[in-house]
Amino acid sequence: MVIFALCRKPYWRLLLESAIEILALKRILLIRLTALGDVVLVEPVARALKQWYPGASVDLVTEVQSGAVLAYAKSFDRVITYDRNGSEAGWSGIGTVVAKLGQEPYDLVVDLQGKLRTRILARKVKSRRRLRLKKRGFWGGLLSLLGLEKPLKGTHAVDIYLRTFAVLGHEANKSMRPQLRLPPAQDKKSVLNIGLSAGTTHATKQWSAEKFAQLAHALESHNSNIKFTLFGGPKDRELLEDIKQRYDGASMNDADMTKLSVEEMTKWIASMDLFIGVDSGPTHLAAAHDIPVVAIFGPTAPSRWGPRGGNQEIVSLDLDCSPCSNTGGASCPSRTRDHDCMKNLSSDLVTRATLRVLEAEAK
């Protein structure tokens with residue numbers, strides 16, 4: 001009778017349900033298509049799932065560029081790529097992706113993006129159970145569609161991903177951070193290799209070419225045995241050339257990163273000793289390779305989107321109008337400010353932060 005009474009308590013029922021869930025979840029699928037930095041932040045989720053459900057396989061569906069990098073993450077059993085802008089364009093492409101997954105059903109499908117396309121994809125995959133990331137409520141979603149939502153801040157993106165699994169009885173481990181281990185494109189030598197990531201999709205997150213050049217000169221004055229490598233995509237070619245011309249020093253690597261694939265670029269990032277970048281995918285990739293990082297933030301919230309790693313510093317003016325956006329934009333939304341969060345962020349501030357990171361590395 002005593003045992004029966006105990007088993008009727010919610011606590012014991014939860015333990016029983018949890019044990020059944022652990023035994024039942026053997027095949028798990030995560031969905032996050034874009035953007036590169038956000039997909040990198042999914043890696044800790046896969047690692048957490050492996051801890052919660054020992055023996056389970058964890059697959060990921062993501063866009064082609066991100067898939068080339070995440071395929072190296074040991075936490076994923078399979079990375080299924082979605083060529084949304086190529087051979088799998090249009091809504092019919094969803095069916096092609098589903099076919100790639102095979103006929104065997106999943107025990108759990110988790111949509112970590114919550115967009116219309118990912119919702120449809122998640123529904124089409126055979127699964128016993130589905131979960132979806134919830135970043136905002138109904139009114140927040142409506143404001144988002146109208147471009148009027150308030151900037152998200154406070155809780156880091158990794159923790160929000162992990163919070164999706166609270167319904168299964170799991171708590172977010174706030175110490176978890178991405179871990180990638182791509183082989184570097186070159187051997188590290190006695191020279192100090194510093195990556196500079198200037199390019200970004202949204203103009204308001206960009207720091208000026210002049211200040212990147214000033215930063216390079218200032219760091220070179222502290223260490224003459226230094227080599228800078230500029231990182232960016234095809235659309236950043238003009239910006240990177242501007243930095244090179246303004247710097248006009250012998251310590252700049254001539255390699256053109258704008259012509260490389262994401263995978264090739266990531267291998268170069270993996271060979272850096274230090275990485276300095278704006279809020280963008282390359283900065284997250286550097287942190288995921290456990291490279292010391294100095295991240296430059298303006299319109300977006302570092303508390304939510306900042307890279308997670310060991311030795312790093314985030315440089316931000318923390319103005320009363322920041323953050324003003326979740327992703328950045330084409331122009332400053334303030335009528336009284338003129339992109340002050342980035343224009344007034346001096347190269348001296350970033351230089352001092354970089355020297356602190358280098359000093360910590362030397363200890």
Side-chain angles (χ1 to χ4, degrees), residues 20-136 141 144-145 157-158 160-168 170 178 180 261-263 266 281 327:
I20 293 172
E21 198 76 58
I22 289 173
L23 292 172
L25 294 185
K26 295 299 183 184
R27 300 190 75 236
I28 303 170
L29 177 67
L30 304 178
I31 301 172
R32 177 79 206 199
L33 302 184
T34 59
L36 177 59
D38 299 320
V39 178
V40 169
L41 295 177
V42 172
E43 190 279 333
V45 177
R47 213 157 2 101
L49 286 167
K50 295 277 190 176
Q51 294 173 7
W52 295 334
Y53 305 109
S57 65
V58 180
D59 297 345
L60 171 71
V61 172
T62 189
E63 287 197 340
V64 173
Q65 287 188 329
S66 301
V69 175
L70 271 294
Y72 286 87
K74 294 181 179 179
S75 44
F76 296 107
D77 292 88
R78 276 202 308 162
V79 175
I80 300 91
T81 55
Y82 184 174
D83 191 7
R84 190 165 64 94
N85 297 313
S87 61
E88 291 159 353
W91 296 108
S92 61
I94 293 177
T96 307
V97 176
V98 173
K100 287 183 183 179
L101 296 171
Q103 293 299 313
E104 187 179 355
Y106 283 90
D107 298 308
L108 177 66
V109 172
V110 188
D111 176 6
L112 290 174
Q113 192 148 11
K115 299 290 186 181
L116 177 60
R117 187 178 300 272
T118 57
R119 290 188 186 196
I120 294 173
L121 175 58
R123 292 301 304 176
K124 286 185 173 292
V125 177
K126 293 180 181 178
S127 179
R128 185 168 57 85
R129 185 167 187 176
R130 295 176 180 85
L131 296 176
R132 187 176 73 244
L133 174 73
K134 292 183 179 180
K135 296 184 290 186
R136 52 181 75 86
S144 176
L145 289 174
V158 172
I160 291 176
Y161 287 159
L162 292 171
R163 197 167 62 191
T164 305
F165 301 90
V167 295
L168 301 181
H170 303 298
L180 299 178
S261 68
V262 172
E263 182 180 3
T266 305
T327 60

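Residues take their numbers from the sequence shown, with the count starting at 1.
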Mark yes or no for whether [X], through its side chain, and [Y], through its backbone, hold a donor-acceptor pair below 3.5 Å.
| X | Y | answer |
| --- | --- | --- |
| Glu88 | Asp83 | yes |
| Arg130 | Ala122 | yes |
| Lys100 | Tyr82 | no |
| Arg117 | Arg119 | no |
| Asp107 | Ile28 | no |
| Thr118 | Lys115 | yes |
| Arg78 | Leu101 | yes |
| Glu43 | Ser75 | no |
| Thr62 | Leu33 | yes |

Compare all side-chain heavy atoms of [X] with those of [Y] and state whether any distance is below 4.5 angstrom.
| X | Y | value |
| --- | --- | --- |
| Pro178 | Pro44 | yes |
| Leu133 | Asp111 | no |
| Val262 | Glu63 | no |
| Gln103 | Lys126 | yes |
| Lys26 | Tyr53 | no |
| Tyr72 | Leu180 | no |
| Val158 | Leu162 | yes |

(message) Just checking Gln113: does its CD atom have more than 12 heavy atoms from other residues, nucleotides or ligands closer to it than 6.0 angstrom?
(response) yes
(request) Determine the minimum heavy-atom distance between Tyr161 and Leu112, stating which atoms define it. (result) CE2-O, 3.6 Å
(message) If you compare all heavy atoms of Asp59 against all heavy atoms of Phe76, which two are closest, and at what distance to 0.1 Å?
(response) C-CD2, 4.4 Å
(message) Quick test of your reading of the model: are Asp77 and Lys50 salt-bridged, counting only N-O distances below 4.0 Å?
(response) yes
(request) Show your reasoning for whether side chain to side chain contact (heavy atoms under 4.5 Å, CB included) applies to Arg32 and Val45. (result) CA-CA 11 Å; Arg32 177 79 206 199; Val45 177; over 6 Å; no
